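In this text the structure is predicted, and so the values were computed from the model without any measurement. In this chain, residues are counted from 1 in sequence order.
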Amino acid sequence: MLRKMLFWGAAVVFPLPLLFTYDAVALVPQQLKLYIFLGLIAYAWWLLAVLLSVRPVWLERLIGLPSIYGLHGMLGVLALATAYLHQEYSYAPSSGARLLGDWAFYGALAVLCYSAFFISGWLVDRSRLLLRAKGLLEKVFRHRLSVWIHRLNLLVIVMIFLHAHLLVRVNQYLGFMLLFDAYTVLTFTVYAWRKWISPDAFLAGVVVGNEPLGTSARRISIRLDERCDAVRPGDFLFLSFEAVSREWHPFSVTDNGQNILTFTVRTHGDFTSRLDGVTTGTRVRLEGPFGRFDSIAQGQPPERPLVLVGMGAGVAPLLSLVSEHHTTRQIRLLWSVRTPEDAYYRSLLDEYEAASGGQLTTEIKTGRFRREDLTRALSTEEIKQGTFFVVGPGPGVLGQRRLLRRLGVSPLRLHDERLTM
């Protein structure tokens, strides 16, 4: 909790050098200075959102990718709000500066609206109607288009950068402009380095297996060019297959290997439905690993049970936790599947259960676990003391979290991964 509070505090600290410097050198009316401050805050927050978009692994290991995405999205909302106040209550003598500022604002508004609907789960995970609408619209607005629209944030930043350079009340202060430019150049340098230049930003490997599982999933095995000891149980990586496209998609590791990684992929959507065409020998790039499931599990007292709730292909990261801890920790795995044929890891779970010495208990159910199912399956100790991990589609995860909280599970012991990124 303290780490997350400090992380969110970065949003407050990041704009301060710009504000203090401008306040020290600028000779403008105090009221106008206030609205300039709002513009500088918005600009700094957009820069910080770009820095977070490179998904720094060291930061993810500290606070988790959902928290990074959460602040990234919140910065977009807050920056737009402060930019609106800046636009409404300040004035720009230069027509070019006004035009650039207006274009940047409406471009940022378009990106925010698109992202809230297609990229984040803020809305669609909570409404079946919106989820269906998204599924229909994604046939037109495909993932690659989503990536490029999201990158319009970079164009927005460039327009605001030029907007500031055209304003006399800003560009006449050399010291401030040097700091303003340093913020911008550093942000774009970090982004370009991580996305296109850094030699160690990505892992690489080759597909050594691709087989169907049940009615709507595949198991893909990738042999890494070099062993990766950083991969931990419960982790996920972003994968890009040369034979399919250069798009990046997140998939969870199914076991705890470091030389050969296996991924269980739900074949749902434009990209994943094409993975049956990925042949042995296909080159793959991998970004990551990401995830905090194992560090959370390791941080729990040994006597505290782990309760794993997986939906469909969401069992993948939970299987790797089971593989790592089934002989040393009390674990209960609840796996809901769409059809009996989709229980493709039943035999593997039986092997883990037999080898666990009574530590592991599994239950597979066709259809979602209802309240009465959870009441029957979970012991009083597990409800009061257990650490819960819930993985599955966004709406399903939210539903399971609500049920577990109604049973008495503290939200501090509920950890989830939503398969909607």
**OP:** Classify the side-chain pair R218/N210 by whether it contains a donor and acceptor separated by less than 3.5 Å.
**Re:** yes

Original post:
Do any N or O atoms from the side chain of R371 and from the backbone of L407 form a donor-acceptor pair under 3.5 angstrom?
Top reply: no

Subject >> Test salt bridge (Lys or Arg N to Asp or Glu O under 4.0 Å) applied to D225 and R283, step by step >> reply: CA-CA 10 Å; D225 294 345; R283 295 294 299 173; 2.6 Å; yes

**OP:** Using side-chain hydrogen bond (donor to acceptor under 3.5 Å, both in side chains) as the criterion, list what pairs up with T264, not counting sequence neighbours.
**Re:** T254, Y345

**OP:** Please identify each residue that fulfils salt bridge (charged side-chain N to carboxylate O under 4.0 Å, His left out) with K365, with sequence neighbours left out.
**Re:** D373

Subject >> Main-chain N/O of Y183 paired with T187 side-chain donor or acceptor, under 3.5 Å >> reply: yes

Original post:
Just how far is it from atom CG of N259 to atom CZ of R223, taken to the nearest 0.5 Å?
Top reply: 10.0 Å

**OP:** Compute the centroid of each ring, for F290 and then for F238, and state whether the two points are separated by less than 6.0 Å.
**Re:** yes

Original post:
Can you name the closest pair of heavy atoms from G367 and S336 and give their distance?
Top reply: O-CB, 3.2 Å

Please report, to 0.1 Å, the donor-acceptor pairs under 3.5 Å made by any side chain of residues 301-322, with sequence neighbours excluded.
residue, atom, partner, partner atom, Å
R304, NE, Q385, O, 3.1
R304, NH1, Q300, OE1, 3.0
S320, OG, G234, N, 2.6
S320, OG, P317, O, 2.6

Original post:
Do L286 and F263 pass the side-chain contact (heavy atoms from CB on, under 4.5 Å) test, and can you show the C-alpha distance, the side-chain angles, and the key distance before you say yes or no?
Top reply: CA-CA 12 Å; L286 308 92; F263 301 87; 4.1 Å; yes

Subject >> Over-ring placement of R285 relative to F202, 6.0 Å and 45° cut-offs >> reply: yes

Original post:
Would you find more than 12 non-hydrogen atoms of other residues, nucleotides or ligands less than 6.0 Å from R55 atom CZ?
Top reply: yes

Subject >> Point-to-point distance, once rounded to the nearest 0.5 Å, from OG1 of T21 to CE of M177 >> reply: 12.0 Å

Original post:
Between W335 and Y344, does the ring centroid distance fall short of 6.0 Å?
Top reply: yes

Original post:
When you look at D229 and R227, which way does the side-chain contact (heavy atoms from CB on, under 4.5 Å) test go after all the steps?
Top reply: CA-CA 6 Å; D229 294 325; R227 175 186 173 90; 2.4 Å; yes

Subject >> Exam field: side chain D294 to backbone D235, donor-acceptor pair closer than 3.5 Å >> reply: no

Subject >> F161 to D181 - nearest heavy-atom pair and separation >> reply: CE1-OD1, 3.1 Å

**OP:** Assess whether side-chain contact (heavy atoms from CB on, under 4.5 Å) is satisfied between L178 and F176, documenting all intermediate values.
**Re:** CA-CA 5 Å; L178 289 175; F176 171 77; over 6 Å; no

